[in-house]
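Data first, discussion second: the structure below is written as structure tokens.
To find a chain, count down the sequence lines: A is the first, B the second, and so on, and within it residues start at 1. Below, each value reflects all heavy atoms present in this structure, side chains not excepted, and no hydrogens, waters or symmetry copies.
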Amino acid sequence: MLYSEKVMDHFRNPRNVGEIENADGVGEVGNAKCGDIMKVYLKIDNDTISDVKFKTFGCGSAIASSSMATEMIKGKPLSEALSLTNKAVAEALDGLPAHKLHCSVLAEEAVKAAVKDYYDKNGIAYDHEQLCDGNCACCHEHDNEGDGEDKS
Amino acid sequence: MKVYADNAATTMMSKTAKEAMMPYFDVVYGNPSSLYSFGQDAKTALEDARAKVAKALNADPKEIYFTSGGSEADNQAILSSAIIGARKGKKHIISTKFEHHAVLHTLNKLEKQGYEITLLDVHESGIVTADEVAAAIREDTCLVTVMFANNEIGTIQPIKEIGAVCREKGVLFHTDAVQAVAHVPVDVKDMNIDMLSLSGHKFHGPKGVGALYVKKGILISNLIEGGAQERGKRAGTENVPAIVGMAAALEESVLHMDENIAKITAMREQLIEGLSKIPHGKLNGDRNVRVPGTVNFCFEGIEGESLLLLLDDAGIAASSGSACTSGSLDPSHVLLAIGLPHEVAHGSLRLSICEYNTPEEIAHIIENVPKVVEYLRSMSPVWEDLKKGVKEYVIQ
């Protein structure tokens with residue numbers, strides 16, 4: 001099996017799918033050209049993520065990574081969302097295949113892009129180094145992996 | 001219900017092929033190169049198999065070389081032609097943009113060695129024309145290699161016409177016919193083919209065995225050096241059981257070709273009609289000029305790997321040209337070659353059926369694909385943008 005049971009569970013039964021009307025922060029990262037786009041919606045009350053939803057265009061691990069990342073930040077203070085790492089998302093999924101690790105990177109970036117959007121909208125100062133504006137990881141992660149599979 | 005709809009990837013072995021092979025594991029197990037009867041019985045089986053394969057292609061048995069499969073046959077045909085060309089100072093090769101990687105990667109290798117490669121467009125139809133091939137032929141062209149039928153979208157190329165052009169201009173013509181042999185009529189003489197590759201497991205034979213047809217008079221080179229097997233052109237003790245199985249499968253397929261074509265084409269039409277109802281989706285490649293069993297659709301707003309995983313949950317085995325299923329960054333080179341933008345090519349689905357499928361199975365596919373597409377669209381930000389008009393649909 002390509003994926004762990006945890007990945008398949010989050011892929012088959014993704015948590016927090018959908019949109020939030022009038023979300024406090026929205027982040028979209030990725031690029032349809034590369035085959036992955038994640039969009040995260042945050043509802044924030046008193047510096048706490050009271051609700052989170054996502055929509056994802058992408059492969060099984062992209063959907064599972066979005067699902068897991070949103071689970072990991074739901075109900076948590078914003079500071080915890082900011083310390084979310086792609087490694088933690090991948091570990092929580094019991095690992096991802098090497099060429100799918102960029103999906104967890106994208107999940108981290110989507111969450112942070114949504115937080116950034118919240119900060120920007122509310123004029124809250126933040127460390128620019130810490131917050132990505134999206135579109136960084138998608139297209140360069142697996143340039144050198146060749147195209148192994150036979151589609152004959 | 002379990003539905004295997006990935007016959008362009010590989011097929012189930014036929015009972016005929018399996019039974020034909022059995023004695024060659026533990027009864028007639030001699031080495032065909034040995035002089036005693038154990039060996040000579042195996043040799044007889046090998047030559048019977050060669051005669052059957054030759055007959056299926058309208059070739060002479062001496063023109064058939066057994067290989068480990070289609071990829072080896074493609075490599076040997078192309079590299080041999082390159083060597084023949086180089087001797088005459090001809091180092092230009094013509095092919096198409098949507099060949100199998102066994103051809104494209106071999107051509108890449110030759111390019112690094114100083115050969116010049118022209119890859120022709122295949123248009124939205126997925127078909128190159130003989131005129132385009134003729135126009136690309138130069139004084140220094142040593143080989144034209146064009147696949148018989150495309151493995152991802154199933155479109156058939158005008159092989160006979162391309163062969164005629166090559167004959168007229170004195171250029172070698174090879175065709176990768178892995179997706180065509182045993183599925184549609186193939187006649188190397190009538191179609192002016194100099195070299196042809198085929199693979200056993202694409203027509204209910206075993207895996208790991210194939211053949212290269214080489215027209216009499218063309219001197220091919222070895223990929224594998226060693227013993228004198230295959231008239232000195234492919235060393236290594238012959239895989240007798242697999243060769244016998246492949247020949248039996250081919251003979252059976254050719255015998256039933258007309259009825260299989262009728263049966264599979266009817267199911268394919270059912271499939272195209274059913275899946276064409278999905279909005280913002282389209283059939284890739286020419287509607288009619290295609291092998292009986294292969295269809296390829298694109299559905300906007302979704303990604304192919306998640307589509308395959310959910311179809312697998314519904315019992316359907318299919319394939320996709322999305323980047324995620326290929327392990328590379330780009331979606332299928334075939335879908336890009338027929339002009340699909342990246343984002344649409346990611347949402348592709350290939351279904352390839354055979355005579356063992358049933359209309360009930362096709363109905364199961366037609367029932368499930370739209371549901372999965374709709375579900376994935378409901379969670380896709382791309383689909384959301386398309387629906388809201390933020391982005392424009394590529395497929396109307």
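- Heavy-atom distances place the backbone of A:S61, and not its side chain, under 4.5 Å from chain B.
- Atom CG of A:N46 has 12 or fewer neighbouring heavy atoms from other residues, nucleotides or ligands inside a 6.0 Å radius.
- Panel note: side chain B:S306, backbone A:G58; a donor-acceptor pair is recorded below 3.5 Å.
- In this structure the side chain of A:K55 never reaches within 4.5 angstrom of the side chain of B:D385, judged on heavy atoms.
- Taking every heavy atom of both residues into account, A:F11 and B:Y375 meet most closely at O-OH, 4.4 Å.
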Checklist entry - Is there a side chain to side chain contact (heavy atoms under 4.5 Å, CB included) between A:K39 and B:E384 once you walk through the steps? => result CA-CA 11 Å; A:K39 194 167 183 179; B:E384 183 188 317; 3.4 Å; yes
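- More than 12 heavy atoms of other shown residues, nucleotides or ligands fall within 6.0 angstrom of atom NZ in A:K121.
- More than 12 heavy atoms of other residues, nucleotides or ligands shown are found within 6.0 angstrom of NZ on A:K76.
- For A:E5, the CD atom is loosely surrounded, since the number of other residues' heavy atoms within 6.0 Å does not exceed 12.
- No part of B:N150 comes within reach of chain A, as not one of its non-hydrogen atoms sits under 4.5 angstrom from that chain.
- The residues B:K388 and A:E19 are annotated as salt-bridged, a charged nitrogen and a carboxylate oxygen being separated by less than 4.0 angstrom.
- Interface remark: B:L307 contributes no atoms to any contact with chain A (heavy atom separation under 4.5 Å).
- Between the CG atom of A:D36 and the NE2 atom of B:H346 there is a distance of 8.0 Å, given to the nearest 0.5 Å.
- For the atom pair A:M8 CE and B:L309 CG, the distance stands at 5.0 Å (nearest 0.5 Å).
- Neither the backbone nor the side chain of B:S199 comes within less than 4.5 Å of any heavy atom of chain A.
- Side chain of B:E343 to backbone of A:K33: no donor-acceptor contact under 3.5 angstrom is found.
- With contacts defined as side-chain heavy-atom distances shorter than 4.5 Å, the pair B:L376/A:F57 does not qualify.
- In this structure, CD1 in A:I63 is found 4.0 Å from CE in B:M379, a value given to the nearest 0.5 Å.
- Residues A:G35 and B:E303 approach most closely at O-CG, 3.7 Å, considering heavy atoms.
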